[in-house]
Colleague: 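Take this structure, written in structure tokens, and hold onto it; I'll ask about it next.
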Amino acid sequence: MGLFDALRVSASGLAAERLRLDVIAGNLANANSTSGPDGQPFRKRMVVLQEAPAESGAVSGGVRVAAIADDPSPPRRVYDPSHPDADEQGYVTLPNVNPVGEMVDMIGASRAYEANVTAMKAAKDMALRTLDLLR
């Protein structure tokens with residue numbers, strides 16, 4: 001694996017984790033949205049990552065986003081008869097977003113992003129030290 005292969009793998013991880021953070025931010029922003037453009041409550045979205053195929057001669061191709069899927073878990077129902085979107089029994093249907101779980105996922109994505117930055121920096125430092133040795 002060459003220097004540019006290592007940088008490419010880390011860059012794919014950076015892009016994937018950034019997208020994951022964007023999706024988590026969208027989930028958190030819509031945690032209390034009772035209706036979307038289709039009239040239904042927001043559904044939590046999840047990023048599905050998969051290994052990217054390696055190019056010829058490379059050990060790994062990194063990671064890529066396979067899909068952004070909706071979470072199939074049911075929405076939350078909360079009794080709040082004063083809410084304008086409450087049904088006849090007084091229940092409001094809220095998104096299936098758990099803010100605590102989203103924060104945990106956000107910390108995980110942030111740590112993975114930092115790990116990819118560290119790997120990129122290590123590859124760069126190794127290349128610079130190699131150049132110093134060749135002087």
Side-chain angles (χ1 to χ4, degrees):
M1 177 180 274
L3 169 67
F4 293 111
D5 292 330
L7 292 175
R8 187 178 315 111
V9 168
S10 292
S12 71
L14 289 175
E17 296 304 331
R18 186 199 55 80
L19 179 63
R20 198 168 145 214
L21 282 172
D22 287 348
V23 169
I24 291 168
N27 288 340
L28 285 171
N30 288 296
N32 292 317
S33 300
T34 55
S35 63
D38 59 353
Q40 298 296 315
F42 178 80
R43 298 202 63 92
K44 175 184 172 182
R45 294 188 179 116
M46 301 179 298
V47 176
V48 180
L49 302 177
Q50 72 177 179
E51 181 181 4
E55 295 178 6
S56 63
V59 175
S60 174
V63 66
R64 71 177 180 184
V65 176
I68 297 176
D70 287 341
D71 185 353
S73 63
R76 295 179 293 143
R77 289 181 46 91
V78 175
Y79 183 73
D80 184 5
S82 63
H83 196 283
D85 288 334
D87 61 11
E88 298 83 31
Q89 291 92 25
Y91 285 95
V92 179
T93 304
L94 294 172
N96 55 354
V97 176
N98 177 359
V100 175
E102 293 300 313
M103 294 300 289
V104 170
D105 288 347
M106 183 171 23
I107 290 170
S110 177
R111 297 281 189 230
Y113 191 91
E114 290 175 14
N116 280 299
V117 168
T118 302
M120 241 178 181
K121 185 176 182 309
K124 184 191 83 174
D125 289 345
M126 287 174 55
L128 289 175
R129 290 184 190 241
T130 301
L131 289 175
D132 286 343
L133 290 173
L134 295 175
R135 285 189 205 174

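These numbers were taken from a predicted model, which means no experiment stands behind them. Note: hydrogens, waters and symmetry copies are ignored here, and every other heavy atom, side chains too, is used.
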Colleague: When you check the gap from the basic side-chain N to the acidic O, do Asp5 and Arg8 get nearer than 4.0 Å?
Modeller: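 Yes.
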Colleague: For residues Arg76 and Ala31, report the shortest heavy-atom separation together with the two atoms involved.
Modeller: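 Residues Arg76 and Ala31, closest heavy atoms: NH2-O, 3.4 Å.
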Colleague: Could you state whether Met103 and Leu21 fall into the same hydrophobic cluster, counting links through intermediate Ile, Leu, Val, Met, Phe, Trp or Tyr residues with side-chain heavy atoms under 4.5 angstrom apart?
Modeller: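 Met103 clusters together with Leu21.
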Colleague: Are the side chain of Ser10 and the backbone of Leu7 linked by a donor-acceptor contact shorter than 3.5 Å?
Modeller: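 Checked: no pair found.
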Colleague: Spell out, as yes or no, whether a donor-acceptor pair under 3.5 Å connects the side chain of Asn27 to the backbone of Arg45.
Modeller: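 Yes, Asn27 side chain to Arg45 backbone: donor-acceptor pair under 3.5 Å.
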Colleague: Mind checking the CG-CE spacing from Asp105 to Met46? Nearest 0.5 Å is all I need.
Modeller: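 Answer rounded to 0.5 Å: 9.5 Å.
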Colleague: Phe42, Val23: one ILVMFWY side-chain cluster at the under-4.5 Å cut-off?
Modeller: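 As far as the 4.5 Å side-chain criterion goes, Val23 and Phe42 are not connected within one cluster.
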Colleague: Would a distance-only check, ignoring hydrogens and angles, find a side-chain to backbone donor-acceptor pair under 3.5 Å from Arg43 to Ser73?
Modeller: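 Yes, because the side chain of Arg43 sits within donor-acceptor range (under 3.5 Å) of the backbone of Ser73.
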Colleague: Enumerate the side chain to side chain donor-acceptor pair (under 3.5 Å) contacts for residues 115-126, please, sequence neighbours excluded, ordered by first and then second residue.
Modeller: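 Only Lys121-Asp125 qualify under side chain to side chain donor-acceptor pair (under 3.5 Å).
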Colleague: Side-chain heavy atoms nearer than 4.5 Å, only ILVMFWY residues, links allowed to pass through others: does that put Leu3 and Met120 together?
Modeller: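 Yes; Met120 is reachable from Leu3 via cluster members.
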Colleague: Is the backbone of Asp71 close enough, under 3.5 Å, to the side chain of Asn96 for a donor and an acceptor to pair up by distance?
Modeller: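 Flag set: sc Asn96 to bb Asp71 pair under 3.5 Å.
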Colleague: When rounded to the nearest 0.5 angstrom, what is the spacing between CZ in Arg64 and CG in Leu19?
Modeller: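 Spacing of CZ (Arg64) from CG (Leu19) equals 14.0 Å.
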Colleague: Pick from Val92, Val97, Thr93: which one makes a side-chain contact (heavy atoms from CB on, under 4.5 Å) with Pro41?
Modeller: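 Testing each of Val92, Val97, Thr93 against Pro41, the sole residue satisfying side-chain contact (heavy atoms from CB on, under 4.5 Å) is Thr93.
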Colleague: Show the numbers, then the answer: is there a side-chain contact (heavy atoms from CB on, under 4.5 Å) between Leu28 and Met106?
Modeller: CA-CA 10 Å; Leu28 285 171; Met106 183 171 23; 3.8 Å; yes
Colleague: For Val65 and Val48: C-alpha separation, side-chain torsions, deciding distance, then whether side-chain contact (heavy atoms from CB on, under 4.5 Å) applies.
Modeller: CA-CA 6 Å; Val65 176; Val48 180; over 6 Å; no
Colleague: How long is the span from the NZ atom in Lys44 to the CD1 atom in Ile24, to the nearest 0.5 Å?
Modeller: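 Nearest 0.5 Å value for the NZ-CD1 distance: 8.0 Å.
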Colleague: Given side-chain contact (heavy atoms from CB on, under 4.5 Å), test Tyr113 with Leu14 step by step and report yes or no.
Modeller: CA-CA 6 Å; Tyr113 191 91; Leu14 289 175; 3.5 Å; yes
Colleague: Just to verify, what does Arg20 make a side-chain hydrogen bond (donor to acceptor under 3.5 Å, both in side chains) with, not counting sequence neighbours?
Modeller: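 Arg20 satisfies side-chain hydrogen bond (donor to acceptor under 3.5 Å, both in side chains) with Glu17 only.
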Colleague: Could you pull out all residues at least two apart from Asp87 that satisfy salt bridge (Lys or Arg N to Asp or Glu O under 4.0 Å)?
Modeller: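 For Asp87, the residues satisfying salt bridge (Lys or Arg N to Asp or Glu O under 4.0 Å) (neighbours in sequence not counted) are Arg77.
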Colleague: Which pair of non-hydrogen atoms, one from Gly39 and one from Ser35, has the smallest distance, and what is that distance?
Modeller: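 Smallest heavy-atom distance, with atoms named: O-CB, 3.9 Å.
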